[in-house]
Structure formats: C-alpha cells, structure tokens
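The structure under discussion appears below in the form of structure tokens.
Order of appearance sets the numbers: ligands from 1, and atoms from 1 within every ligand.
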Amino acid sequence: MTRQIFVALGVAACAAGLVAQRQGGAELLLLNGRIYTVDAARPWAEAVAIRGDRIVAVGTTAEIRARSDRETRTIDLKGAFVAPGFNDAHVHIDSTGSLLVGVNLLEVHEAKAFTEAVKGAVSRLPAGSWITRGDWGAYEQWGAGSAGGGTTTSASPFTPSRDLVDPVTPNHPVLVQRFDRSMYLANSLALKLAGITERTPNPANGEIVKDGNGRLTGILKGAAADLVRKVIPPVPFEQRLVQVRAVLKEAREGGVTTMQDLTSAEQLRAYQELQRRGELTARIMLRPTLDNVTHTRALGISKGFGDEWLKFIGYKAWVDGIMGSSGAMFFQPYDHDPANKGLLRPIMRPEGTPGAAMGMTADQHYTDFPPGNLEKLIEQAIASGIPPHIHAIGDKGNRIILDVYEKLLATHKLTDADHRWRVIHAQVVHPDDFARFGRLKLVAEINPYHVSDDMRWMEERIGRERSRGAYAFRTLKDAGAVLIFGSDSPGTNAARYFLNPVYGLYAAVSRQTLKGEPNAGWFPDQRLTIEEAIEAYTKGPAWASFEEDVKGSIAPGKFADLAVFDTNLVEVGTSAPAKLLEAKVLYTVAGGKVVYER
Ligand SMILES: [Zn+2]
C-alpha cells in the first residue's frame, strides 16, 4: 500500500494496525464461513485473519479465533459463503456512471414511466446538468420478439414528446434517444439552448418533427439531433466524481473489488481525486486507448505503473464493431442483412492495403497484406512494455487480431514469453482459429452475460452453423486460452449488464436467458462448471494483469479482498443455477476494510 492511500484510509486505522501487529494479533477475523479460496492448495476453509490490507492466515475457525485480541473485530459469518473479491475484467466505468446517475429508459415505453424516469435523473443531477442517452423502447422491441434494430419492430412503438418532460425539467436540458438512435427527444430548454424554433429549417439528412399545428414535438431525427448535441458541454468534474461514486457503490454491493476499466484522461483525473479523498472502495485497473501509446511511451510509463488501487495494465483498441448493431466483422454477410459483413473501427485505418480487411476471405490472413495502423501501434506498445488488449467480435475480426498477434509475437520472439496479450470478447471464432488461442498463449477476455442476452437473436443474424463458434467458452478453454470474465457494464444500448458477478456466473454455467430458456441451454456443450466460472472471475483476471501474487485467491500474503454471499455459489451453481441470480452479498472487504455491509 502506498503512502498516499495509507494516509487516505485514516490515521485511526493505521494506529490500530500497528497495535495489532505488535501483539501479533489480527485486526479483522471472519469466522464460521464456507470459504471457497480458489487456492488449489486448500480449496475450502472456515475462517480468515486479516491485518492491514492483507490476509495473514486461512484455516479452521478454532485456528483463526486464536489470533484474536482486544483490538480485533470479529465477524461471525454463520455459514455464509466467501469467495475472493470479484475482479471484473471489463467495465466501462464512465458510461456505467453516466447511466446510474443519469436516466435509464431501456424498459420504458409509456408516458407515465417516461416522465418518472426523467424526474429521477433530475433529482440526482444539479440544475443545469444535461440529461442524455436513455435508450428508450429497447425492451418493448425485445418483447415483440424482434431482432433489435434488425428486422421487425412492434406495430406502433412508443414515441414521447417534450410535453412529457417539460414540467419536470425546467432547469435540466434533455436530449435522450430511442435505443436504436432512430430518433431523439429534446425538451424545450434544450431546443432553446440550441436555438431551434418552429421556423428552423430541417437540416440535410435530418428532421425537426412538428405536430399537426406546426408546433415542435421535441422529436429530432438524423442530423437534426446534431443541432442540439453540439451545444452540450463536457461533463463537469464534480459530476464525474458523482458518477464514479455511483459505480463504486454498485461494485461494493456486488462483491466486486477490482474493475478493469477502459480509461479516458478525464476519468483518470476523477479516480485520482477519489483516491486522494480516500473514497476508492474498489481497485481500478487502467486501460487507455492504444492511440495514446506514443505519449505514454514518451513518459516512460510501462506495465504496472501506479499502485495497487490505480494501475496501468494494458492498451485497448478495436478491430470491428459489435453484434448488437450488426457491426461485428464476418467473412460472410449477416443472415438478416445480406449486404452487410460488419465494419472496421477507425483505429484500424489507414490499412496497409486500403480495403484489405473488407475484401479478405476465409482462406486469407490479414498479414498477407502490408501492415496497417493497428500493427504499427501494437509494435509501439511492445516497445513501451504495456500489453495490447484488442476487441474482436466477428469471425473475421478475430482472424485479423490473431493474424496480427501471431506475426508480432514471432517477430519480437515473444511467442513463448510471458506476454499475457488479450483478445477482448473473442465472441464468434472461425473453426480454424480456436487452436491459435492456445498456441499463442492468449487471454480471452470474455463477457459471459452476452450469452444470456444475445442468444435470443444470434441464430437469426448469423445462422446455426456460425453460432457454434459463438461464446464458445469450453472450446476456447480446451484450446488453451486463459478465460477471464468481465460484465461489460453498463451493457449495450438494448440491455443493462450489471456489475454483480452472479449474472455472468449464471450465464456461463447455464447458457440460458434470465427466464431459463432454452431448457437445456444454448449450445450446452459450451457450459463451464461453476468452479471454472468463479476462477475466470477471480484468479484469471488477477493473473492476466500480472497480479497473481497479490490477488485472485484467499491465501496468506494476498490482499484482503473478499466477497461474502448469503448463498453457497459453488453448491447452487452446480445444482440449481437459477438460484445464483437470487444470491445476495452480505459483506464486501477491500484492502482489509469492510466497504459494504448488508
Ligand atoms: Zn465493452
């Protein structure tokens, strides 16, 4: 623990620690638990002793109780289940925070609920703050059994008007969107700030919608929304702090003690401020985008820079789009959209051969073409000593990153080194490519909850055959990939993904929707055991960020990061996975401090 944090955690805690140390006692004892340690040397235990920010002993209740003295706090777990603190390998803290503090309209598709939800955001945000996103109508569309943004919509989808929100937003400008971005709603204040009146002409490729009397409804389509968007100021710093606090709260409540973030400069400033104020209750692993590499390299920042609470672990970049918007890159077109094979992210450009990725066929390799921007940036990352973490979703997107990794690992003689490079999502893999995950010793950073969400329309979009390689966790693991789990919170524009790890564990062991469909699980051969799933949410992510010595299991010398549940996750994960979804966190311990108590 750095001096900075030590001070932040308070002089009182410090003094107590020193006393306990002198007397050889512990500061916090957890007794009478069912402790699943994820430590092969001792998988189960009853009790843990903690001193400072570390675990000092693991054993039976009798053994651990002997370490008690006057300064010790003892918690009787009464048989509760304990796991290592969950380490969420894929969180967007920024957008999770803006969703938690702002407005979530995913489930909203009628007037009263719409007004209520916006009113809620007004109560959380200071006057003058913008209320944005929202994504109304997403669940209405799923309810209609559609392919979300693809083929069908309900007959008359809900369309709000500014009259629904004006009465509750006199001081909060609003620009919220339908989940598929097909339309936006601005309130009167936002229209005024943007200078839009009944006389404003429609911009090219856009429409300012009016009612039968020529009055503005607040609905804006296409480029008309840009007229409002361009007057939205950046998020104020104080609001950013409020947002990160909201994410830390959700993490504590879910037993999550580490989040591996996608990190912007503004967010990093907010994390540092909360660290100074002693408010970090989860460790945040930092991943700037790969295009920052020239700057961080120039500054000499390499892997592990920072401290145990804020640490640089990787560079993030993207090959392709996502399934939800049919932007993931495939060799063959989407079944529901025969003109579309997905898209390439801007960071991939310029390509060595323009159009190489789009034209590439299933018997080709991306490295058959001259190197493009991504390859050059990864070369710099190698020189800086921070591993690449690259997003790939479609079968072609995965082929591209595997090709680039294979070539660069060989060129730099790293194939057999301890590189721990990651493929983020590895969502749909071509049958020829699975073995490469093992051969190249890659980490597959996967989001099991995508299974429960996406399976509803995967086959409609890419057919049965390609779906065999989708979220193929068992095949990836058997091929030798190291699996690590992340929630991908806050989710997509059509569904909320929660930080609470029970959702991901449930998805990985059941391969069912939250409603338990299909009965036997979707491609059930790809199910993982609950032990494998917990490991992928604890030990795996710790190893993948080079922190296996201090995190990932409950063992002496490791950080005292623990999650206590009212339900034995191992037992129900095996016998009745649906019960995972009802499990409640009783305590969360991070760095030896109880940061959440139910
Ligand atoms: Zn993500």
- Task: Measure from NZ or CZ of R283 to the centre of the six-membered ring of W309 and say whether it is under 6.0 Å with the direction within 45° of the ring axis.
- Result: yes

All N/O donor-acceptor pairs, side-chain side in residues 130-137, below 3.5 Å, sequence neighbours left out:
| residue | atom | partner | partner atom | Å |
| --- | --- | --- | --- | --- |
| D135 | OD1 | Q177 | NE2 | 2.9 |
| D135 | OD1 | R181 | NH1 | 3.0 |
| W136 | NE1 | F158 | O | 3.4 |

Note on the Zn ion (ligand 1): protein N/O/S atoms within less than 2.8 Å are H90 NE2, H92 NE2, D488 OD1

May I ask you to say whether E445 pairs ionically with R287, meaning some side-chain N is under 4.0 Å from a carboxylate O? yes

With Q267 as partner, the option from H92, Q243, R240 fulfilling side-chain hydrogen bond (donor to acceptor under 3.5 Å, both in side chains) is R240

Next item on the list: Hey, can you tell me if Y471 and H450 have their rings parallel, tilted or perpendicular (30° and 60° cut-offs)?
Entry: parallel

Quiz item: Angle class for the H425/H391 ring planes (parallel below 30°, perpendicular above 60°, tilted otherwise)?
Solution: perpendicular

